[in-house]
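This chain uses plain numbering: 1 for the first residue, then up along the sequence. In what follows, every heavy atom counts, from backbone to side chain, and hydrogens, waters and symmetry copies are set aside. Since this is a predicted model, take the numbers as computed values, not measurements.
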Amino acid sequence: MTENDIIVAGEEVKYFIDIEHEGFSMLENDFQVEIVYGQRSKSITLTKQEMTADSSGKYFFMFSTAGMVGKVTAICTFWVPDTDDPDDSVREIRDEQIIAFVTNTPCPK
């Protein structure tokens, strides 16, 4: 997280997502991002289908920060094909990162 990730509540934000993992393709496999915020850990889940892909296959997700205050964490969950496990055909992998801090008042950047 950098100083550019300090956001005034109410702004709509846009983030680029890039998943690199052996055996995983963002074009072919499924993934989602859960946005967790606030002291009570409220959340918004954005599926791959709700994201935007550009002409080069890069994915972006957007959400409004209205009603948010404090740190914002993104939990990316993706499913990798797994031929080693006879019971499951996919393996779930999760990555969690703090991506922003939302404030009620403008602050210098």
[X] [atom1] to [Y] [atom2] distance, which is reported to the nearest 0.5 Å:
X	Y	atom1	atom2	result
Thr77	Glu92	OG1	CD	5.5 Å
Gln97	Ile75	CD	CD1	11.0 Å
Thr103	Ile6	OG1	CD1	8.5 Å
Trp79	Lys48	CH2	NZ	11.0 Å
Tyr15	Cys76	OH	SG	14.5 Å

Exercise. Are there more than 12 heavy atoms of other residues, nucleotides or ligands under 6.0 Å from atom CD of Gln39?
Worked result: no
For this session: For atom CD of Glu28, decide whether the heavy atoms of other residues, nucleotides or ligands shown that lie under 6.0 angstrom number more than 12.
Result: no
With heavy-atom distances below 4.5 Å as the criterion, would you say the side chains of [X] and [Y] are in contact?
X	Y	result
Thr73	Glu96	yes
His21	Phe78	yes
Met68	Ile44	yes
Val80	Val90	no
Asp82	Ser89	no

For this session: Please report the closest heavy-atom contact between Pro81 and Gly23, naming both atoms and the distance.
Result: CD-O, 3.4 Å
Seminar exercise, completed: Here the pair of heavy atoms bringing Thr65 nearest to Gly10 is OG1-N, 2.9 Å
Exercise. Does the side-chain contact (heavy atoms from CB on, under 4.5 Å) test come out yes or no for Val69 and Asn104, once each step is laid out?
Worked result: CA-CA 7 Å; Val69 172; Asn104 281 329; 3.4 Å; yes
Problem set entry | side-chain contact (heavy atoms from CB on, under 4.5 Å) evaluation trace for Val72 with Val102 | CA-CA 7 Å; Val72 178; Val102 179; 3.6 Å; yes
For this session: May I have the step-by-step check of side-chain contact (heavy atoms from CB on, under 4.5 Å) for Phe61 and Tyr59, ending in yes or no?
Result: CA-CA 7 Å; Phe61 62 93; Tyr59 281 84; over 6 Å; no
Problem set entry | Test item: Glu50 side-chain N/O and Thr47 main-chain N/O as donor-acceptor pair under 3.5 Å |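 At least one qualifying donor-acceptor pair exists.
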For this session: Check whether Met62 and Leu46 end up in the same hydrophobic cluster, where Ile, Leu, Val, Met, Phe, Trp and Tyr are linked by side-chain heavy atoms less than 4.5 Å apart.
Result: no
For this session: I would like to know whether Met26 and Asp18 meet side-chain contact (heavy atoms from CB on, under 4.5 Å); could you show each step before the answer?
Result: CA-CA 8 Å; Met26 291 185 71; Asp18 184 22; 4.2 Å; yes
Problem set entry | Ser56: side chain to side chain donor-acceptor pair (under 3.5 Å) partners, not counting sequence neighbours |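 So Ser56 forms a side chain to side chain donor-acceptor pair (under 3.5 Å) with Asp54.
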Under 3.5 Å, which donor-acceptor pairs link side chains of residues 31-38 to any protein atom two or more places apart or in another chain?
| residue | atom | partner | partner atom | Å |
| --- | --- | --- | --- | --- |
| Glu34 | OE2 | Ser43 | OG | 3.2 |

Problem set entry | Co-members of the apolar cluster containing Phe16 [side chain, <4.5 Å] | Phe60
